[in-house]
Colleague: 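Okay, handing you the structure first.
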Amino acid sequence: MTLSPLAGKRAPQSLLTNIPRLVAHYYETRPDPRDPLQRVAFGTSGHRGTSLGGTFNEAHILAVTQAVAEHRAAAGIQGPLFMGLDTHALSEPAWMTALQVLVANGVQVRAQAGSFTPTPLISHAILEHNRPGRDGKPDHDWADGIVITPSHNPPQDGGFKYNPPSGGPADTDVTGAVQARANAILENELRDVKRVSLEDALAGLTDFDFITPYVSQLGTVVNLDAIRQSGVRIGVDPLGGSSLPVWQAIQAQHGLNLTIVNEDLDPRFAFMSVDRDGKIRMDCSSPYAMAGLLALKDDFDVAIGNDPDADRHGVVTRAGLMNPNHYLAVMIEYLFSHRPGWRADAAIGKTLVSSALIDRVGAGIGRRVVEVPVGFKYFVEGLLDGSFGFGGEESAGASFLRLDGTPWSTDKDGLIPGLLAAEMTAVTGKTPSERFADLTARYGETAYDRQDAPADAAQKKILASLSPEQVTATTLGGDPITAKLTRAPGNGAGIGGLKVTTDQAWFAARPSGTEDVYKIYAESFRGAAHLQQVMAEARDVVSAALNGQ
């Protein structure tokens, strides 16, 4: 991808979203359900789109919320629904639309009126409500949740996520049914939607404090005493997101040496520096989007960034922004050697496009690594029952257990990895970057990259349904191929693409759900030049498979 001349620079006026126009289109544009691009489509993180393109409009939220209400009724979910939202401009209008539908369907909605609520706090609240043995909880009183967010996407985007009683992202059996029902409602011109006035909806809302229980319990998942006693200097940039009031509460309650360097809330995200491709994107794993915090890196021992719904983390030390894969490996090595309360057989969960360094670390500490397809939903049950101590994905998403081995959140939590960076600095005297250097000295230095390659709809369909036998290559980067995978080895689920491995490298190829490209991820333990050789051969392997050669 070509680097934009604006990358890392403050966003110019010409890039800023016209918020009144965006919101007007949310209410006035009517999506065409005959257009595949304008239908409800749940990806790995819910339905996303923009009102300007007819892909995230009031009709979508009316339909998908009605579908969720019907799903929870059919599933016997009679407890409260916890609802949060982030700071994107379309989030509040969509939140109000969803509330009108939920109240009309008799759902007990709990939300923090007048405040933003991040994804991890919704997951935490669901798990607290559904905790086994909770006093006074009837058997049928299960809670679930909705978060209105498009995650780190540009300011003009909106998103809708549903979390069932397990607290994490809904699996495809749920999202598939909700998607199908929502599109049927769209096709029926919303006749099946139940809706009350906004006044009645707000009157039917139960105000709920998400922040206090989350912040007060942080010491059960991270060693706050060590952080406080060491005086580790912590910087935080919420990137204009919903984590701001949470970090403010942490700062006020726990006595940490913590400075919030940016308290701006602006739906245009005008304070952001531009990402690699010339777009405003609140991606805390991008050094270009994180340029503001990186400029302050020498002022702190560790610094933390979050995306708008705080389900992603970015960790900065004086050495710079850590690669997400590198920090995953560092977290795993530290956690499994500093959490004696976890089960002795608790496993490490990783997605198949995460670094193979994790496998080497897992072998070194004697822990099983479970490799699953892309999607945090594959970690939910393991985190819930304690059989996974940690679940992480290469896009800077992770969660882990409390100190006593019980679940904290079963969705990605971008705050606790940041606090863990401070904990490991306090406990070991080494920053995460220094600990990563120790890992590479022990297990080898890794080079990692992701690129896109063109593919039309027919080719993407072939790639998504490849069999290992269609890959005829026997070597990759000069080394014998050790595995050709179309199913994840950890759970046998289809990966929707292909992964090829050797002892020193691997690549994975998956079709994009939104563009006429496929994504190639690759990693090598032989250096950057070898990585590019692997990447080039990966394109040849995939092309041959697509062309039936």
Side-chain angles (χ1 to χ4, degrees), residues 19 23 26 46 61 65 80-100 102-103 107-129 143-152 155 158-163 167 198-199 201-218 236-254 258 260-269 271 282 304-312 409 411-416 418-419:
I19 301 301
V23 174
Y26 171 79
I61 304 307
T65 309
L81 182 144
F82 296 102
M83 189 158 68
L85 75 163
D86 77 358
T87 53
H88 278 79
L90 290 176
S91 293
E92 192 158 2
W95 182 91
M96 291 188 290
T97 300
L99 180 64
Q100 290 175 279
L102 292 168
V103 171
V107 177
Q108 310 167 45
V109 181
R110 296 184 183 176
Q112 195 148 5
S115 181
F116 303 104
T117 305
T119 288
L121 275 67
I122 296 296
S123 179
H124 183 268
I126 294 170
L127 296 186
E128 282 292 284
H129 183 89
D144 54 0
I146 289 172
V147 190
I148 310 294
T149 173
S151 189
H152 64 294
F160 182 109
K161 299 194 298 187
Y162 173 65
N163 287 26
L198 181 58
E199 181 181 11
L202 292 170
L205 171 69
T206 299
D207 194 22
F208 185 83
D209 179 4
F210 291 93
I211 294 177
T212 298
Y214 180 93
V215 172
S216 64
Q217 293 179 36
L218 275 170
V236 173
D237 188 346
L239 296 183
S242 59
S243 67
L244 174 60
V246 188
W247 284 115
Q248 289 171 331
I250 293 170
Q251 185 183 44
Q253 181 171 332
H254 289 299
L258 187 152
I260 300 171
V261 303
N262 170 25
E263 296 190 342
D264 287 345
L265 292 177
D266 175 3
R268 301 173 305 161
F269 295 90
F271 52 82
M282 290 63 70
I304 306 153
N306 293 123
D307 67 334
D309 74 315
D311 72 344
R312 295 186 181 211
S409 72
D411 208 330
K412 294 176 286 189
D413 187 327
L415 291 96
I416 57 173
L419 289 170

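The structure presented is a predicted model; accordingly, all values stated were derived computationally and were not measured.
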Colleague: If you take all heavy atoms of Ala310 and Ser242, which pair is closest and at what distance?
Modeller: N-OG, 4.5 Å
Colleague: Is there side-chain contact between Pro213 and Glu128, with heavy atoms separated by less than 4.5 Å?
Modeller: no
Colleague: Kindly give the heavy-atom pair with the smallest separation between Asp309 and Pro120, and that separation in Å.
Modeller: O-CD, 3.5 Å
Colleague: Can you confirm whether Leu218 sits close enough to Leu415 that some side-chain heavy atom of one is under 4.5 Å from a side-chain heavy atom of the other?
Modeller: no
Colleague: Could you tell me if the ring centre of Phe208 sits under 6.0 Å from that of Phe210?
Modeller: yes
Colleague: At what distance, to the nearest 0.5 angstrom, does CG of Leu102 lie from CH2 of Trp95?
Modeller: 10.5 Å
Colleague: Which pair of heavy atoms, one from Ile126 and one from Asp144, lies closest together, and at what distance?
Modeller: CD1-C, 3.5 Å
Colleague: Do any N or O atoms from the side chain of Thr97 and from the backbone of Pro93 form a donor-acceptor pair under 3.5 angstrom?
Modeller: yes
Colleague: Is there side-chain contact between Met282 and Arg312, with at least one heavy-atom pair below 4.5 Å?
Modeller: no
Colleague: Can you tell me how far CG of Asp411 sits from CG of Asn163, rounded to the nearest 0.5 angstrom?
Modeller: 5.0 Å
Colleague: How long is the gap from OG1 on Thr119 to NE2 on His124, to the nearest 0.5 Å?
Modeller: 14.5 Å
Colleague: For residues Ser123 and Gly167, report the shortest heavy-atom separation together with the two atoms involved.
Modeller: OG-O, 2.9 Å
Colleague: Going from CG on Leu205 to CE on Met83, what distance comes out if it is rounded to the nearest 0.5 angstrom?
Modeller: 7.0 Å
Colleague: Roughly how far, to the nearest 0.5 Å, is the CG atom of Leu244 from the CG atom of Leu239?
Modeller: 11.0 Å
Colleague: One pair to check against side chain to side chain contact (heavy atoms under 4.5 Å, CB included): Leu81 and Ile146. What are the steps and the verdict?
Modeller: CA-CA 7 Å; Leu81 182 144; Ile146 289 172; 4.0 Å; yes
Colleague: Which heavy-atom pair separates Asp264 from Asn262 by the least distance, and what is that distance?
Modeller: N-OD1, 2.9 Å
Colleague: Mind listing the closest non-hydrogen atom pair of Phe116 and Asp86 along with its distance?
Modeller: CD2-O, 3.2 Å
Colleague: Would you say Glu92 has more than 12 foreign heavy atoms packed within less than 6.0 Å of its CD?
Modeller: no
Colleague: Run the ring-ring contact (aromatic ring centres under 6.0 Å, His included) check on His88 and Phe269 step by step: do they pass?
Modeller: CA-CA 9 Å; His88 278 79; Phe269 295 90; 5.5 Å; yes
Colleague: Mind checking the CZ-OG1 spacing from Phe82 to Thr206? Nearest 0.5 Å is all I need.
Modeller: 10.0 Å
Colleague: Taking NZ, NE, NH1 and NH2 as the nitrogens, is one of them in Asp311 or Lys161 under 4.0 Å from a carboxylate oxygen of the other?
Modeller: yes
